[in-house]
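To start, the structure itself, in structure tokens.
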Amino acid sequence: MPEDVHDDRPAVRAESAAAERIAAAREAFLHHDTASPVVTSGAVRAPILASWIRSRDMDVPADSIDLPEIGADADCPLTRAASPVVAELADQFTTEPVSLILCDHDGVVLDRRTGDSALGRHLDRVWLAPGFSYAERHVGTNGIGTALEGRRPTEVFGHEHFVEHLEDLACAGAPIRHPVTGKVLGVVDLTCWRREANSLMVATAAATARRIEDALLAASSRRELALLQDYLGAVARAGNSPVLAVGDDLVMMNDRARELIAPGDQVPLLAGATEALRGGRARQIVVDLPSGTTARVQCRPSWAERGSSGGVLQVSLTAAAPARAPRAGGPAVPGPALPTAVGSGALWAKCAQTVDRHLRTNEWVVLQGESGSGRTTLARATHHLHSPAGHIRILDAGDFCPRWLAEVHDELAGAGGTLVIRDVGKLSAAGAHALVDALEPLRESTCHERPWVVATLGDDDRDLAPEVDELLQAFPRTVEVPPLRHHVEDVGELVPYLLTRLTRGAELACSPEAMRILMRHRWPGNVDQLYQVLRKVVAHRRTGTIRPEDLPPEAHALTRRVLTPLESIECDAIVEALTDASGNKAEAARRLGMSRATIYRKIRGYGIATPEGASSSE
């Protein structure tokens with residue numbers, strides 16, 4: 001036997017023994033024997049053990065891999081910057097049994113280069129292929145998902161993988177960060193057979209990640225330089241006006257903007273302006289801010305590409321109007337808070353401010369939204385804010401009859417006050433026509449004593465009778481009332497308020513654990529559903545602290561995480577498009593103007609279930 005082979009045998013035996021110890025430790029861990037000496041002996045590296053614990057807590061199956069295809073967006077800033085680097089390194093690995101893999105921030109494989117056909121077939125069998133996510137929540141401990149979780153270069157060998165079908169592989173991943181913001185955009189990974197692994201893999205992955213970051217910096221620098229030049233020019237011309245610049249991962253503002261625009265107002269202002277910049281042309285928008293201020297924003301794009309935009313915003317602020325004179329003898333009431341419409345989230349506050357402005361100008365308004373979203377509550381609260389002692393009458397259109405119509409005439413004949421007509425979509429053609437005749441004499445009136453009339457309409461009230469459409473013409477403004485899932489941050493305020501109502505002031509509080517569960521619910525029934533859930537809780541617990549086990553089963557139907565308002569709106573748009581397209585993802589993507597790969601990824605990320613009866617053609 002040659003001497004060099006003989007000399008290598010002790011190393012081979014040592015490596016085999018180490019692998020057996022890790023395999024034994026994994027087996028003990030999976031049987032919940034974390035105190036076993038084989039686990040605590042140090043055979044398992046600390047980052048691997050921490051990942052095993054995360055994987056078990058996320059209920060990742062240790063004995064199987066079955067991943068749904070999410071789709072990979074092959075045309076994004078990360079892939080454009082990484083493509084030359086990946087191609088060059090893949091050429092160097094052509095004759096090596098190693099695969100070079102690029103993934104996005106959610107572990108979805110964007111690109112895979114493999115020179116070894118046997119390795120490529122094995123990676124296909126374990127779903128390590130474009131369009132599939134190797135995030136820890138799907139496949140447990142691995143070089144891709146664990147590098148993303150740990151935010152640092154990570155290597156995983158053989159039985160260190162959580163799932164048993166990956167024990168023949170070794171992988172080393174390194175996060176790719178945005179060179180300006182530091183945000184993790186993805187990961188680059190090297191995967192090979194366990195027997196071929198060496199200590200240079202993780203160093204090579206880290207070096208490749210740095211090269212991709214350099215390419216990202218070069219690309220972003222061109223855009224950000226253009227943005228900076230536009231911003232400096234706008235500041236020079238603006239004099240004493242607020243000026244902001246916004247890019248994909250960058251916001252700049254002058255001192256005047258910092259002084260005048262409150263932090264709570266910046267989020268809705270930037271959200272509206274960013275949407276406007278994506279159009280690629282200069283335009284002006286008006287944004288009602290949570291503080292009560294109205295902002296007129298001149299948006300001038302510096303660039304607008306697919307999935308990327310940036311530009312300069314010049315802002316003109318209009319202060320909130322002072323408290324108006326009382327109606328029907330009530331005192332003037334200052335302050336922005338609505339006393340019976342709980343919530344301070346940006347979308348809810350913006351909606352409330354818009355309705356408040358229409359009351360101050362005595363413009364009749366339609367409040368449209370989902371059932372239980374708070375349309376009537378908002379109208380009542382706006383009325384009481386300005387006229388606590390003023391007259392308000394709420395009539396349900398579903399109760400239409402001659403007596404009901406007579407009550408409408410009586411309300412309209414009075415001086416001042418507020419009339420709320422609920423669910424006008426329920427009116428028959430004859431009822432809608434009669435209501436049009438009742439409203440017509442006051443429709444164009446400029447008398448300050450004209451009653452303020454509010455109509456509510458459901459989001460599901462489509463295919464309205466022509467007479468109902470004619471009725472809606474009497475209301476010059478329509479305000480969309482957001483569903484609770486679009487301002488779920490307000491659940492934290494709604495829960496104690498509703499508990500106080502239900503218990504009539506008794507000492508009943510919600511634990512942080514139970515509150516987190518309530519915050520992660522989608523609330524299809526909106527505030528009404530939240531009220532009914534808490535009503536069930538109060539039926540068996542009127543004092544003390546509400547724990548997760550006190551919540552009814554329906555409250556445990558959770559999303560994976562709390563969605564931001566913009567994410568929730570996007571999720572709803574995707575669900576609606578899928579429903580209209582009978583579940584056909586390609587058609588839904590076309591209607592939304594996004595790629596098929598993007599809609600696959602978002603469907604998986606939001607946990608959207610394809611509508612029943614979906615078309616098999618995707």
Side-chain angles (χ1 to χ4, degrees), residues 288 290 292 320-321 323-324 326-328 330 333 335-345 347-400 404 407-408 410-412 414-427 435 438-439 442-443 448-459 461 468 471-472 474-484 486-487 490 494 497-498 501 526-528 531:
D288 293 315
R324 66 195 289 268
R327 308 175 76 203
V333 181
L338 299 182
T340 57
V342 176
S344 57
L347 283 177
W348 178 256
K350 177 182 177 181
C351 175
Q353 294 293 340
T354 303
V355 175
D356 183 78
R357 187 173 71 244
H358 292 318
L359 180 145
R360 287 189 270 108
T361 57
N362 203 2
E363 282 188 304
W364 291 358
V365 64
V366 174
L367 300 184
Q368 184 167 5
E370 296 179 5
S371 175
S373 58
R375 296 161 296 171
T376 303
T377 298
L378 185 56
R380 183 192 297 113
T382 306
H383 166 88
H384 285 310
L385 174 64
H386 293 274
S387 302
H391 176 72
I392 182 172
R393 184 70 184 276
I394 299 172
L395 297 174
D396 195 321
D399 297 332
F400 178 84
W404 183 93
E407 291 177 346
V408 169
D410 289 343
E411 294 297 326
L412 295 175
T418 296
L419 171 63
V420 180
I421 305 174
R422 297 177 55 185
D423 296 323
V424 294
K426 295 180 179 178
L427 286 169
L435 188 55
L439 296 174
L442 293 176
R443 177 178 172 180
H448 70 279
E449 292 188 348
R450 180 182 75 157
W452 185 48
V453 182
V454 179
T456 72
L457 186 67
D459 270 354
D461 292 333
V468 176
L471 168 64
L472 295 177
F475 299 84
R477 297 288 183 268
T478 297
V479 177
E480 291 285 342
V481 178
L484 181 57
H486 289 182
H487 56 109
D490 287 336
L494 284 165
Y497 170 75
L498 294 175
R501 284 181 53 189
N526 297 296
V527 180
D528 281 356
Y531 178 82

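Both backbone and side-chain heavy atoms feed into the values below; hydrogens, waters and symmetry mates do not. We count residues from 1, following the sequence as given.
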Would you check if the side chain of [X] reaches a backbone N or O of [Y] as a donor-acceptor pair within less than 3.5 Å?
{"X": "Thr456", "Y": "Asp423", "answer": "yes"}
{"X": "Ser387", "Y": "His384", "answer": "no"}
{"X": "His391", "Y": "Thr418", "answer": "no"}

**OP:** For residues Asp490 and His487, report the shortest heavy-atom separation together with the two atoms involved.
**Re:**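 Of all heavy-atom pairs spanning Asp490 and His487, the closest is OD2-ND1, 2.8 Å.
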Subject >> Shortest non-hydrogen contact from Pro451 toward Asn362 >> reply: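 That closest heavy-atom pairing would be O-OD1, 3.9 Å.
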Say you draw a straight line from [atom1] of [X] to [atom2] of [Y]; how long is it, rounded to the nearest 0.5 Å?
{"X": "Leu484", "Y": "Leu347", "atom1": "CG", "atom2": "CG", "result": "11.5 Å"}
{"X": "Thr382", "Y": "Trp452", "atom1": "OG1", "atom2": "CH2", "result": "5.0 Å"}
{"X": "Asp356", "Y": "His383", "atom1": "CG", "atom2": "NE2", "result": "13.0 Å"}
{"X": "Thr376", "Y": "Ile394", "atom1": "OG1", "atom2": "CD1", "result": "6.0 Å"}
{"X": "Phe475", "Y": "Ile421", "atom1": "CZ", "atom2": "CD1", "result": "5.5 Å"}
{"X": "Ser373", "Y": "Leu378", "atom1": "OG", "atom2": "CG", "result": "9.0 Å"}

Subject >> Sequence-distant partners of Asp288, side-chain hydrogen bond (donor to acceptor under 3.5 Å, both in side chains), two or more places apart >> reply: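 Here the qualifying residues are Thr294, Thr354, Arg357.
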**OP:** Could you list the residues that satisfy side-chain hydrogen bond (donor to acceptor under 3.5 Å, both in side chains) with Glu407, not counting sequence neighbours?
**Re:**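 With neighbours one apart ignored, the set is Arg393.
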I'd like to check [X] versus [Y] (side-chain heavy atoms, cut-off strictly below 4.5 Å). Are they in contact?
{"X": "Leu395", "Y": "Arg422", "value": "no"}
{"X": "Glu480", "Y": "Asp459", "value": "yes"}
{"X": "Leu412", "Y": "Leu419", "value": "yes"}

Original post:
Which is it for Val420 and Arg380 under the side-chain contact (heavy atoms from CB on, under 4.5 Å) test, yes or no, and what are the steps along the way?
Top reply: CA-CA 8 Å; Val420 180; Arg380 183 192 297 113; over 6 Å; no
**OP:** Give the C-alpha distance, both sets of side-chain angles, the deciding distance and a yes or no for side-chain contact (heavy atoms from CB on, under 4.5 Å) between Thr377 and Val527.
**Re:** CA-CA 11 Å; Thr377 298; Val527 180; over 6 Å; no
Subject >> Axial cation check for Trp364 ring with Arg450, 6.0 Å and 45° limits >> reply: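 Yes, Arg450 lies over the aromatic ring of Trp364.
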Subject >> Pair Leu367-Leu457, side-chain contact (heavy atoms from CB on, under 4.5 Å): steps then yes or no >> reply: CA-CA 6 Å; Leu367 300 184; Leu457 186 67; over 6 Å; no
Subject >> Partners meeting side-chain contact (heavy atoms from CB on, under 4.5 Å) with Asp399 (sequence neighbours left out) >> reply: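 So Asp399 forms a side-chain contact (heavy atoms from CB on, under 4.5 Å) with Asp396, Trp404.
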**OP:** Could you tell me which residues satisfy side-chain contact (heavy atoms from CB on, under 4.5 Å) with Thr478, sequence neighbours excluded, listed by chain and number?
**Re:**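 If we apply the side-chain contact (heavy atoms from CB on, under 4.5 Å) test to Thr478, skipping adjacent residues, the hits are Val366, Gln368.
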Original post:
Which pairs count as salt bridge (charged side-chain N to carboxylate O under 4.0 Å, His left out) when at least one residue sits in residues 364-374, sequence neighbours excluded?
Top reply: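 Residue pairs with at least one partner in residues 364-374: Glu370-Arg485.
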Original post:
Can you check side-chain contact (heavy atoms from CB on, under 4.5 Å) on Ser371 and Asn526, steps first, answer last?
Top reply: CA-CA 7 Å; Ser371 175; Asn526 297 296; 5.7 Å; no
Original post:
Excluding sequence neighbours, so at least two apart, what forms salt bridge (charged side-chain N to carboxylate O under 4.0 Å, His left out) with Glu363?
Top reply: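 Result, salt bridge (charged side-chain N to carboxylate O under 4.0 Å, His left out) vs Glu363: Arg477.
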